[in-house]
Amino acid sequence: MVCRTTDEYRAMAQAGCLVVGEPAFWAGYDRSSVDGFRDYFVQLTECEPARAAKFGLDHYTWLCINPKEAQDVVFAREVMKLIPEFIDRPNVLGIGEIGLNRNTSRELAIFEEHLDLAIRLNQLVLIHTPHLEDKLKGTNMILDALKNRPELEPGRVLIDHCEEHTFPLVKDAGYWAGLTLYPTSKLNPKRAADILETYGTDRVWANSAADWGDSDPLALTALACELYGRGFSRPEVDRLLLSNPEAFMSQSPKFRKVSARLG
C-alpha cells in the first residue's frame with residue numbers, strides 16, 4: 001500500500017475490506033543504504049497504519065529485506081540488524097516476505113538467517129517463492145530449508161505465490177499456501193479458482209497483489225465473484241476471505257480479530 005493512493009484505500013473500504021496485511025517488499029528499485037530501509041520500516045509501522053485508519057482499515061505489516069535485494073549479503077545483514085528495533089511495533093505480525101528470487105546461494109543464506117531470526121523472536125513467517133520457471137526449484141529449496149528448522153511450526157508459516165505445480169507441495173508439507181492474485185499476469189482469479197476447486201480452502205490464504213506494477217488491491221472481489229459463479233457457497237467464500245487469514249494472523253497477539261467486530 002505504500003505504492004497506492006488514498007482513493008484505493010477508499011475503494012477497498014467501500015468494497016467491505018477491513019484489514020490490510022502488507023509485507024516488506026521490493027520497491028521497484030534497489031535501495032542503496034541501510035537508512036533507506038530504516039525509513040521504509042518507519043513508513044510501514046507509522047505512516048501506513050495512520051493512512052489506513054482514516055478509512056476504517058486496520059493495517060498490519062511484516063519486516064525483512066526482500067530476496068531481490070539480498071544478493072549483497074553484507075548489506076542484507078546490516079538491514080536485518082534493524083528488525084529487532086521495529087519488531088515490537090503494534091502492527092508488526094512477523095518476518096516477511098522472505099524467500100528466494102533467482103535461487104542463488106546468497107539469497108538462500110539470507111533466507112535461512114531470516115528463519116533463524118523468526119525462531120529467535122518467536123514470529124510468524126511469510127515467504128515469497130520465485131516467479132515463472134524458477135518457482136518449482138525455489139519452492140523445493142525453501143521447503144528443504146524449513147525442514148532443517150523443526151522449531152518453526154508449519155502452521156505459523158505461509159508460503160505465498162503458490163501456483164498449480166507448487167500448491168500441493170506446500171500443503172502436503174503442512175504449511176499455509178498463499179494465492180497472490182494479479183489482474184492479468186501470473187496467478188489471476190480464474191486460475192486461483194481452478195486450484196481451489198481441486199484442493200479446497202483449508203490452510204489457504206488468497207491475497208491481492210498491490211504493488212508498484214500492474215496489480216489490483218480489489219482482486220479478492222474478483223475472486224469472490226468467480227467462486228460464486230462456480231457454485232461456491234457464501235460460507236465457503238467467507239472462510240477463504242475472512243476466517244482463514246484471521247486464523248493465521250490471530251497467532252500473533254497483536255492481531256485484532258475482525259469477526260468480533262462483525263458481531
Inset, instruction - Could you label the plane-to-plane angle of the W205 and W62 rings as parallel, tilted or perpendicular, counting under 30° as parallel and over 60° as perpendicular? - result: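 Judged by the thresholds at 30° and 60°, the geometry between W205 and W62 is tilted.
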Inset, instruction - Quick one: sort the F86 and F41 rings into parallel, tilted or perpendicular, breaks at 30° and 60°. - result: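 Judged by the thresholds at 30° and 60°, the geometry between F86 and F41 is perpendicular.
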Legend entry - Side-chain heavy atoms of I98 within contact of H128, under 4.5 Å: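 Side chain of I98 against side chain of H128, heavy atoms only: no contact under 4.5 Å found.
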Got a second to check how far [X]'s [atom1] is from [Y]'s [atom2], nearest 0.5 Å?
X: W176; Y: C162; atom1: CH2; atom2: SG; answer: 12.5 Å
X: D211; Y: M1; atom1: CG; atom2: CE; answer: 11.0 Å
X: L44; Y: H59; atom1: CG; atom2: NE2; answer: 6.0 Å
X: M249; Y: L158; atom1: CE; atom2: CG; answer: 10.0 Å
X: K254; Y: R89; atom1: NZ; atom2: CZ; answer: 10.0 Å
X: E133; Y: N103; atom1: CD; atom2: CG; answer: 9.5 Å

Looking only at atom types and distance, does a side-chain atom of [X] sit under 3.5 Å from a main-chain N or O of [Y], one as donor and one as acceptor?
X: K135; Y: H161; result: yes
X: R203; Y: G155; result: no
X: E22; Y: V2; result: yes
X: D134; Y: P130; result: no
X: Y60; Y: R256; result: yes
X: E236; Y: R234; result: no
X: S208; Y: L220; result: yes
X: K68; Y: A27; result: no
X: S250; Y: F248; result: no
X: W212; Y: W26; result: yes

Inset, instruction - Report yes or no: is the cationic atom of R31 (NZ for Lys, CZ for Arg) closer than 6.0 Å to the six-membered ring centre of Y40, at no more than 45° off its axis? - result: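 R31 over Y40 ring: yes.
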Find out if a path of hydrophobic residues (ILVMFWY) with successive side-chain heavy-atom gaps under 4.5 Å connects [X] to [Y].
X: L196; Y: L242; result: no
X: L152; Y: L143; result: yes
X: L181; Y: V204; result: yes
X: I159; Y: I195; result: no

For the residue pair [X] and [Y], confirm or rule out a side-chain donor-acceptor distance under 3.5 Å.
X: Q71; Y: T104; answer: yes
X: S233; Y: R239; answer: no
X: N91; Y: T61; answer: no
X: Q14; Y: Y9; answer: no

Legend entry - Chi angles and distances behind the salt bridge (charged side-chain N to carboxylate O under 4.0 Å, His left out) call for E107, R102: CA-CA 8 Å; E107 291 171 4; R102 291 167 46 215; 5.2 Å; no
Legend entry - Salt-bridge contact D7-R10 (side-chain N to carboxylate O under 4.0 Å):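 Result for this pair is yes, salt bridge flagged.
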Legend entry - Note: R230-D194 ion pair, threshold 4.0 Å (strictly below):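 Answer for the salt bridge query: yes.
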Legend entry - Shortest non-hydrogen contact between P67 and G99, atoms and distance: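 Looking at all heavy atoms of both residues, the shortest contact is CB-O, 3.3 Å.
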